[in-house]
Amino acid sequence: VLDSVLADFEYAVENVRIDDGTPGLAVNKDVVLAFMSRVFLYHGTYLKYHGLDGQRAQKYLQAAKDAADQLITSGRYSLAEDYRGLFNSMSLSGNPEIIMYRKYEEGALTHSLHSYSDNEPQTGASKDAIDSYRMDNGLPIRQTGSGYNGDDSIDNVMADRDPRITETFVQELRLTGEASNYSSSGYAQHKFKNEEISGELIGTQNNNPTDAPVIRYGEVLINYAEASYELNDQISQADLNKSINVLRSRPDVNMPDLQVSGQQAMVNGQPIDDPERPQSVSPILWEIRVERRVELMM
């Protein structure tokens, strides 16, 4: 069945136009390639880790990598300078990172995600999710010498971390009984909140018109890195530089480059040794997965 799905994707890549309809709102070749990278990374790793069909696993992982590579080398997309703006903007039209998005319109087509982010109780992120964000020097918080300030306060937790943590979560604990917009874990997200409409009618209930990304270039870069590793159980520095390290160079993120030597992940020449990493997972693959988790959080 998946061979037939792959054949359909390959046919679409050859026959769907690059430009067709309103950019970001119509299925064009780039949308096909982006979803191809997502779909076949999933099915390739599913077969690989379930030990079902190694030959097809390789075939699907190669398809995922090739699709992502076509988008990367096309030069048609780049990262937006504002990470949070990808999720809380009134309009995503013309955003250089957006491959496909859903357009909302005040009074015509709206949603309630902004209201949920701003006014209502939330199902909060786990402590494990918060802990996965690296320090701004690239080291895991539990690694000796990371510089982590400890868990005594939310200010300590979020100090000197990957900037995506404060772009995603508010810098306060919202506890049950203490705030009407509390979080079940205390950690509340504001990734989808647009301050300009907070308190306005369109920012409340189900009146929210902020646009929603469907698939974006940032995910394609992660798909490329993960497929590259899974194909051969290793990844080159060149492949990291065209994927993960592009993500880390986003102006409002500006994290240090991820480096690799064999299976060892490094930052600024220092080995990364995350005590939370299962011993069955290589250090470099673990860091690729952490990057996916952080970039796509919520």
Name of the residue among L71, V13, I215, V220 meeting side chain to side chain contact (heavy atoms under 4.5 Å, CB included) with D30: L71
Side-chain heavy atoms of M90 within contact of T210, under 4.5 Å: yes
If every non-hydrogen atom of S183 is compared with every non-hydrogen atom of G124, which pair is closest and at what distance? OG-CA, 3.0 Å
Okay, side chain of N137, backbone of S146: is any donor-acceptor separation there less than 3.5 Å? yes
Quick one: do L258 and V267 satisfy side-chain contact (heavy atoms from CB on, under 4.5 Å)? Show the steps, please. CA-CA 5 Å; L258 182 62; V267 62; 5.7 Å; no
Heavy atoms, side chains only, cut-off 4.5 Å: are E295 and E219 in contact? no
Neighbour count above 12 (heavy atom, 6.0 Å) for E81 CD: no
Closest approach of A80 and L86, non-hydrogen atoms and distance? CB-CD2, 4.0 Å
From S282 atom OG to R277 atom CZ, the distance as rounded to the nearest 0.5 Å: 7.5 Å
Is NZ or CZ of R102 both nearer than 6.0 Å to the six-membered ring centre of Y104 and within 45° of the ring axis? yes
Evaluate the ring planes of H43 and F40, with Trp represented by its six-membered ring, and classify them as parallel (under 30°), tilted (30 to 60°) or perpendicular (over 60°). tilted
Would you indicate whether the side-chain heavy atoms of Y60 and E230 approach each other to under 4.5 Å? no
Is the backbone of I202 close enough, under 3.5 Å, to the side chain of N208 for a donor and an acceptor to pair up by distance? yes
Please check if the side chain of R164 supplies one atom and the backbone of T168 the other of a donor-acceptor pair under 3.5 Å. no
For V27 and M100 the tightest heavy-atom approach is CG2-CE, 3.9 Å
Tell me whether the count of non-hydrogen atoms from other residues, nucleotides or ligands lying under 6.0 Å of CD in Q264 goes above 12. yes
Could you tell me whether Y116 atom OH has more than 12 heavy atoms of other residues or ligands within 6.0 Å of it? yes
Does R216 reach the side chain of I99, with side-chain heavy atoms less than 4.5 Å apart? no
Less than 4.5 Å apart, any side-chain heavy atom of E167 and any of K191? no
To check you understand the geometry: which heavy-atom pair defines the closest contact between A129 and S132, and what is its length? O-OG, 2.5 Å
If I compare all heavy atoms of G21 with all of A26, which pair ends up nearest, and what's the gap? CA-CB, 4.1 Å
Taking NZ, NE, NH1 and NH2 as the nitrogens, is one of them in D118 or K193 under 4.0 Å from a carboxylate oxygen of the other? yes
Within the side chain of N245, is there an N or O that forms a donor-acceptor pair under 3.5 Å with the backbone of D257? no
Test log, rule side-chain contact (heavy atoms from CB on, under 4.5 Å), inputs N223 and R38: CA-CA 7 Å; N223 293 345; R38 177 192 287 181; 4.0 Å; yes
Show the nearest heavy-atom pair for residues F192 and M298, with the distance to one decimal. CZ-O, 3.2 Å
Given 3.5 Å as the limit, does a donor-acceptor pair link the side chain of D239 with the main chain of S228, or not? no
Does the pair K48 and D233 meet the rule for a salt bridge (charged side-chain N to carboxylate O under 4.0 Å, His left out), with working shown? CA-CA 11 Å; K48 176 179 177 178; D233 293 324; 2.7 Å; yes
Say whether L33 and V5 are linked into one hydrophobic cluster, either directly or through other cluster members, by side-chain heavy-atom distances under 4.5 angstrom. yes
Can you find a heavy atom in the side chain of T204 that is under 4.5 Å from one in the side chain of N119? yes
Any chain of hydrophobic side-chain contacts (each under 4.5 Å) joining M135 to W286? yes
At what distance, to the nearest 0.5 angstrom, does CG of L285 lie from CD of E226? 6.5 Å
Are any non-hydrogen side-chain atoms of R161 and T166 less than 4.5 angstrom apart? no
Would you check if the side chain of N156 reaches a backbone N or O of D151 as a donor-acceptor pair within less than 3.5 Å? no
Could you walk me through whether R289 and R293 pass the side-chain contact (heavy atoms from CB on, under 4.5 Å) check? CA-CA 6 Å; R289 290 176 176 175; R293 188 181 196 187; over 6 Å; no
Using a 6.0 Å cut-off, check whether atom CD of E120 has over 12 heavy atoms from anything other than its own residue. yes
Do L139 and I244 share a hydrophobic cluster (ILVMFWY, side-chain heavy atoms under 4.5 Å, transitive)? yes
At what distance, to the nearest 0.5 angstrom, does CD1 of I284 lie from CD of Q234? 11.5 Å
If the threshold is 4.0 Å, N to carboxylate O, is there a salt bridge linking D128 and R142? no
With a cut-off of 6.0 Å (strictly less than), are more than 12 heavy atoms of other residues, nucleotides or ligands near CZ of R292? yes
Begin with the C-alpha distance, continue with both residues' side-chain angles, and end with the deciding distance and a verdict on side-chain contact (heavy atoms from CB on, under 4.5 Å) for D211 and S89. CA-CA 6 Å; D211 285 349; S89 291; 5.7 Å; no
Please check if atom CD in Q55 has more than 12 non-hydrogen atoms from other residues, nucleotides or ligands closer than 6.0 Å. no
Between CD1 of I18 and NZ of K29, what distance do you get to the nearest 0.5 Å? 5.0 Å
Assigning hydrophobic clusters by single linkage (Ile, Leu, Val, Met, Phe, Trp, Tyr; side-chain heavy-atom cutoff under 4.5 Å), is L296 placed with Y42? yes
Is K59 salt-bridged to D3, cutoff N-O under 4.0 Å? yes
Can a salt bridge be assigned to the pair R134 and E291 using a cut-off of 4.0 Å between side-chain N and carboxylate O? no
Side chains of L2 and L47: closer than 4.5 Å at any heavy-atom pair? no
Please check: side-chain N/O of Q62 versus main-chain N/O of A57, any donor-acceptor pairing under 3.5 Å? no
Tell me if a side-chain donor or acceptor on T110 pairs with a main-chain N or O of N206 at a distance below 3.5 Å. yes
Is there a donor-acceptor pair under 3.5 Å between the side chain of Q143 and the backbone N or O of D273? yes
Report the C-alpha separation of Q263 and Y229 in whole Å, then their side-chain angles, then the decisive distance to 0.1 Å, and conclude whether the side-chain hydrogen bond (donor to acceptor under 3.5 Å, both in side chains) test is met. CA-CA 10 Å; Q263 295 294 325; Y229 180 89; 2.8 Å; yes
State the CD1-CG distance between I222 and L41, to the nearest 0.5 angstrom. 10.5 Å
Quick one: CD on Q122 to CZ on F169, what's the gap to the nearest 0.5 Å? 9.0 Å
Can you check whether P140's main-chain N or O pairs, donor with acceptor, with D274's side chain at less than 3.5 Å? no
Path from L247 to I235 over hydrophobic side-chain contacts below 4.5 Å: no
Atom CG of residue position D19 - does it have more than 12 heavy atoms of other residues, nucleotides or ligands inside 6.0 Å? no
In terms of side-chain geometry, is the basic nitrogen of K65 or D69 positioned less than 4.0 Å from the acidic oxygen of its partner? no
